[in-house]
Amino acid sequence: MAPDPPATLGDHVEAVRAGDRSALETLEAMLARIEAIDAGESGLNAYHEVFAEEARAEAARIDRVVAAGEDPGPLAGALIAIKDNIATTTGRTTCSSRILENWRSPFEATCVTRIREAGAIVIGKTNLDEFAMGSSGEHCAWGPVRNPHDRSRVPGGSSAGSAAAVAGGLCHAALGSDTGGSIRQPAAFCGCVGLKPSYGAVSRHGLVAFGSSLDQVGPLTRTVSDAASLFAAMAGSDRFDSTSADRDWSALRDEEIASPIEGLRVGVPESFLDARNAPEVNAAVRRAISLLEDQGAVTVPVELPLTDIGLSTYYVVAPAEASSNLARFDGIRYGRRAAPRPGESLEEIYARSRAEGFGSEVKRRILIGTYVLSAGYHDAYYRRALQARRLIAEEYGRAFERCDVLLGPTAPTPAFELGGKKDPLSMYLCDVYTVNAAIAGICGISIPAGSTADARPLPLAVQLQAPAFEEARLLRAASMLEAALGMAEVASSP
Ligand code: GLN
């Protein structure tokens, strides 16, 4: 029997800070739970590596700081899992790729340093779709991740292990990365909260680059308030990332995220409630609308007709950037080198190292990216995608003149069967509601919103979006909805 699931991050930190709970004892229980639930043939496979010894030393240190009456930090003793495309100096950083199988980073990502300085304990590294390319958690070099709600289903991707670890109670919270939905969509499939910060809100230093103009690190948590605390610890400018923004986040820290926004204007675009969505997904959105209206929010109709062109824009821009970013993994400067063959040229070593090291989805992205950037096709694809990107951002700008937040689905369906999507295009369609926020650089959050009527109920979710750097507004609106959904659940239980 596995030990009981952990408390929320907020409750745990409060107990540790008050000296009512030992960080070390909590860690031991968590390690036992990981052992029982994550390993083996039908285990979740959420973790690549667990840092038991390092975490024990750190937990013991936190307990000593508390005992000495000193401040152990705002995230004291929180056990945080880190997506394995974020650099840690403990263990390896593999991106779930054979090409980085044994790569150890010489430096630590800024987001990791910041949460550690706030008292958090890094418990391990989580599985992902290779180089964060995917929407199911199946494109992993060492086996797929399973959904804790139904192990025959996918957890979503690419932050698959992070979402499964949070939902399976194998950490207090996790860090993921989102380039086109990789935090929000797995959060939706696994029934946890996933925040994609505005582009530039969190430093990308130490996040292995996929699409540099889109990538953001963000939290996956059980509650909205936990997402706010982790985000607050990470956000802010960083001299190692020139695109990180120098914003004043103190409002977020001090602000009562739990206090409702009076007269919140919620925009619900018709294009979000597409008839091709699973009916229970649209029903969850409609229910969220009426619960927010009960809280005094007003729903305003807004138009986002370009929702549909987001996918084709994203699947040009992201692979273009990926093809350039992944050029460094050549088996010489970075990555596993193919075993040498007599008389082989440097060119041949590069080619063979890459052919052996990358999985098929990553190769597909590199080929698409190289094609859309090549002379002769650049104007037809890449330049047009950049034009579409501008239009999408402008369309959001107009929508946010009329509403404070947008509400819609996170994904068109709940979690699907492992192996259920065979062709790449049907996989890419999972991202239709998440890519646009990344394209426009705004913030978005997925929160749990009930479950399906299946024998093994699957989580349903809704997504809220707000303008760039309006995370405080986004989190407050999400918190209002979370409370309303919680109350509705209590009212409907026997
Ligand atoms: N699913 C999308 C893709 O495959 C998004 C990935 C991400 O956000 N990292 O590209």
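Only a predicted model underlies this, so the values are computations on that prediction, with no experimental measurement involved. Along the sequence shown, the residues carry numbers beginning at 1. Both counts, for ligands and for their atoms, begin at 1 and track the order of listing.
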*Once you round to the nearest 0.5 Å, how far does CG of Asp431 lie from CG of Leu311?*
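Reported value, rounded in 0.5 Å steps: 6.5 Å.
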
*Does Arg456 come within less than 4.0 Å of Asp150, counting only side-chain N to carboxylate O?*
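A salt bridge is present here (some side-chain N lies under 4.0 Å from a carboxylate O).
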
*Run the salt-bridge test on Asp330 and Arg354 with the 4.0 Å N-O cut-off and return the result as yes or no.*
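Result for this pair is no, no salt bridge flagged.
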
*asked:* Heavy-atom count check: over 12 atoms from other residues, nucleotides or ligands less than 6.0 Å from Tyr377 OH?
replied: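 No, not enclosed.
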
_Here's one to test your reading of the geometry: is the NZ or CZ of Lys421 within 45 degrees of the ring axis of Phe416 and under 6.0 Å from its centre?_
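Cation-pi check for Lys421 and Phe416: passes.
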
Distances only, to 0.1 Å: what are the N or O pairs between ligand 1 and the protein that fall under 3.5 Å?
from     : atom 1 : to     : atom 2 : distance (Å)
ligand 1 : 1 (N)  : Gly134 : O      : 3.0
ligand 1 : 1 (N)  : Ser135 : OG     : 2.8
ligand 1 : 1 (N)  : Asp431 : OD1    : 3.3
ligand 1 : 1 (N)  : Asp431 : OD2    : 2.9
ligand 1 : 4 (O)  : Gly134 : N      : 2.8
ligand 1 : 4 (O)  : Tyr315 : OH     : 3.3
ligand 1 : 4 (O)  : Arg365 : NH1    : 3.4
ligand 1 : 4 (O)  : Arg365 : NH2    : 2.8
ligand 1 : 8 (O)  : Thr179 : N      : 2.7
ligand 1 : 8 (O)  : Gly180 : N      : 2.6
ligand 1 : 8 (O)  : Gly181 : N      : 3.3
ligand 1 : 8 (O)  : Ser182 : N      : 3.0
ligand 1 : 8 (O)  : Ser182 : OG     : 2.7
ligand 1 : 9 (N)  : Ala132 : O      : 2.8
ligand 1 : 9 (N)  : Thr179 : OG1    : 3.4
ligand 1 : 9 (N)  : Ser182 : OG     : 2.7
ligand 1 : 10 (O) : Tyr314 : OH     : 2.7
ligand 1 : 10 (O) : Arg365 : NH1    : 2.9

*In terms of side-chain heavy atoms, does Tyr433 have a donor or acceptor partner in Asn277 at a distance below 3.5 Å?*
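There is such a pair (donor and acceptor under 3.5 Å, judged by atom type) between the side chains of Tyr433 and Asn277.
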
